[in-house]
Q: 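The structure's right below; bear with me while I get my questions together.
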There are 2 protein chains.
Amino acid sequence: MQAGSVIRALGALAQEHRLAVFRLLVQAGPEGMPAGALAEAIGVPASSMSFHLAQLANAGLVAQRRQSRSIIYSADYAAMNCLMAYLTENCCGGAACVPAADCSPPVSEAKDVA
Amino acid sequence: MQAGSVIRALGALAQEHRLAVFRLLVQAGPEGMPAGALAEAIGVPASSMSFHLAQLANAGLVAQRRQSRSIIYSADYAAMNCLMAYLTENCCGGAACVPAADCSPPVSEAKDVA
DNA sequence: CCTATAATTCGAATAATGTTGAAATAACGT
DNA sequence: ACGTTATTTCAACATTATTCGAATTATAGG
């Protein structure tokens with residue numbers, strides 16, 4: 001995976017609605033969900049959802065197929081795997097960066113640090 | 001890890017210069033690198049680098065410490081691990097999404113798209 | 001052919017990010 | 001205190017993202 005693709009993929013996921021959509025699609029499995037259902041689930045107008053889905057598709061994170069009048073989107077698990085692989089190999093130095101890591105929130109998470 | 005933190009981390013890495021900086025810092029190891037060296041390595045003015053480093057720090061991906069006149073930045077491996085963990089658990093469904101995955105570029109990828 | 005449904009594209013406003021030089025801050029040596 | 005070096009902060013500007021209604025395209029059924 002090339003740096004350019006990685007940046008597109010990261011950028012696609014670095015947005016509230018799109019991250020939510022992608023997670024919905026992962027949960028939905030290979031069957032996927034139609035665009036309209038996603039728009040309703042997330043609570044954005046159809047045109048906005050279309051924009052976000054285009055970003056995810058451009059990043060290669062979702063696939064689309066037409067089924068009658070609906071367009072069904074589904075998560076591309078392989079692409080997600082590739083992204084993870086890149087982050088592991090090229091950003092984490094080829095192995096689990098650090099033995100364990102806690103991952104529990106340090107304080108309140110409300111104000112964030114500087 | 002919270003969705004908000006994840007979005008900040010993804011957004012921090014979803015930028016050419018910042019991804020490059022982060023990878024440099026990972027390579028540099030725990031010793032890290034001073035801001036000036038990073039600016040020169042990437043080829044951006046000091047004020048721009050400062051901006052990007054602030055984004056990475058805000059996302060919790062890098063740590064900073066002062067050493068004499070320099071401020072040394074270093075990758076926070078644990079944070080990267082947490083991000084990976086979130087992506088795996090919440091986006092890939094708790095396991096390696098798909099058995100293998102090829103990850104080889106489809107065409108030339110030389111020019112990269114937009 | 002006409003109507004209804006499902007999505008996308010267009011366009012134009014608003015918001016968020018990225019860039020940079022100049023000024024401010026911090027640490028050091030003299 | 002002064003000058004030098006290393007970085008950050010400020011402020012103005014440029015670029016890119018996001019939002020969403022209206023218009024458009026595509027499919028299906030009478």
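Below, all heavy atoms of this structure are taken into account, side chains as well, without hydrogens, waters or symmetry copies. Each chain gets a letter, A, B and so on, in the order the sequences are listed, and its residues count up from 1.
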Q: Grab the NE2-P distance between His17(B) and dT17(C) for me, whole Å please.
A: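 Whole-Å distance recorded here is 17 Å.
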
Q: Can you identify which nucleotide, out of dA28(D), dT19(D), dT18(D), has its nearest atom closest to the Arg69(A) side chain?
A: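 Looking only at side-chain atoms, Arg69(A) lies closest to dA28(D).
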
Q: How far does CZ of Arg65(B) sit from OH of Tyr73(B), to the nearest 0.5 angstrom?
A: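 The OH atom of Tyr73(B) is 12.0 Å from CZ of Arg65(B), to the nearest 0.5 Å.
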
Q: Quick one: Phe51(A) CZ to dA15(C) P, roughly how many Å, whole number?
A: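 For the pair Phe51(A) CZ and dA15(C) P, the rounded distance is 16 Å.
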
Q: From dG21(D), dG18(C), dA22(C), pick the nucleotide closest to the side chain of Ser47(B)?
A: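 Ranking dG21(D), dG18(C), dA22(C) by closest atom to the Ser47(B) side chain puts dA22(C) first.
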
Q: After noting the C-alpha distance and the side-chain angles of Leu25(A) and Met33(A), does the key distance pass the side chain to side chain contact (heavy atoms under 4.5 Å, CB included) rule?
A: CA-CA 7 Å; Leu25(A) 288 179; Met33(A) 287 173 73; 4.1 Å; yes

Q: To the nearest angstrom, how far is Gln67(B) atom CD from dA6(D) atom C1'?
A: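 Atom-to-atom, Gln67(B) to dA6(D), this comes out as 12 Å.
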
Q: Between Leu38(A) (CG) and dT8(C) (C1'), how many Å, whole number?
A: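 Going from CG in Leu38(A) over to C1' in dT8(C) covers 15 Å.
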
Q: Output the single nucleotide from dT19(D), dA6(C), dT8(C) whose closest atom is nearest the side chain of Tyr73(A).
A: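 The listed nucleotide nearest to Tyr73(A)'s side chain is dT8(C).
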
Q: Nearest to the side chain of Ile71(B), which nucleotide is it out of dT7(D), dT4(D), dT19(C)?
A: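 Between dT7(D), dT4(D), dT19(C), the one nearest the side chain of Ile71(B) would be dT7(D).
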
Q: Using the side-chain heavy atoms of Ser48(B), tell me which of these nucleotides is nearest: dT20(C), dA6(C), dT7(D).
A: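 The answer is dT20(C).
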
Q: Given Ile42(A) and Leu24(A), is the side chain to side chain contact (heavy atoms under 4.5 Å, CB included) satisfied, shown in steps?
A: CA-CA 9 Å; Ile42(A) 302 295; Leu24(A) 266 184; 3.9 Å; yes

Q: Heavy-atom nearest nucleotide on DNA chain D for Gly11(A) versus Gly36(B): which residue maps closer to 5'?
A: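 Final value for this comparison: Gly36(B).
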
Q: Distance check, rounded to the nearest 0.5 Å: Asn81(B) atom CG versus Asp76(B) atom CG?
A: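 Here the rounded value is 9.5 Å.
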
Q: Find the distance His52(A):NE2 to dT19(D):C1' and express it as a whole number of Å.
A: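 Result: 8 Å.
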
Q: Please determine, for the side chain of Arg66(B), which listed nucleotide (dA26(C), dT19(C), dA28(D)) has the closest atom?
A: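 Among dA26(C), dT19(C), dA28(D), the one nearest the side chain of Arg66(B) is dA26(C).
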
Q: How many whole angstroms separate atom CD1 of Ile42(B) from atom C1' of dG18(C)?
A: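 Going from Ile42(B) (CD1) to dG18(C) (C1'), I get 15 Å.
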
Q: Between dG21(C), dT8(C), dG18(C), which nucleotide gets closest to the side-chain atoms of Ser50(A)?
A: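 Given the options dG21(C), dT8(C), dG18(C), the side chain of Ser50(A) is closest to dT8(C).
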
Q: Could you tell me how far apart Arg65(B) (CZ) and dT7(D) (P) are, to the nearest whole angstrom?
A: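 Result: 12 Å.
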
Q: Consider the side chain of Ser68(A), meaning its heavy atoms from C-beta on, and name the nucleotide among dA28(D), dT8(D), dT8(C) that approaches it most closely.
A: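 Comparing dA28(D), dT8(D), dT8(C) against the side chain of Ser68(A), the answer is dA28(D).
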
Q: If I compare all heavy atoms of Met84(A) with all of Thr88(B), which pair ends up nearest, and what's the gap?
A: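 Minimum heavy-atom contact is CE-OG1, 2.6 Å.
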
Q: Select base, sugar-phosphate, or nothing to describe what Ala35(A) touches, counting heavy atoms under 4.0 Å on all strands.
A: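 The answer is sugar-phosphate, as Ala35(A) gets under 4.0 Å only of primed atoms, P, OP1 or OP2.
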
Q: Taking the side chain of Gln55(A) as its heavy atoms from C-beta onward, which of dG18(C), dT18(D), dA6(C) lies nearest to it?
A: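 Of dG18(C), dT18(D), dA6(C), dT18(D) is nearest to the side chain of Gln55(A).
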
Q: To the nearest Å, give me how far apart CD1 (Ile72(B)) and P (dT7(D)) are.
A: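 The answer, rounded to whole Å, is 7 Å.
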
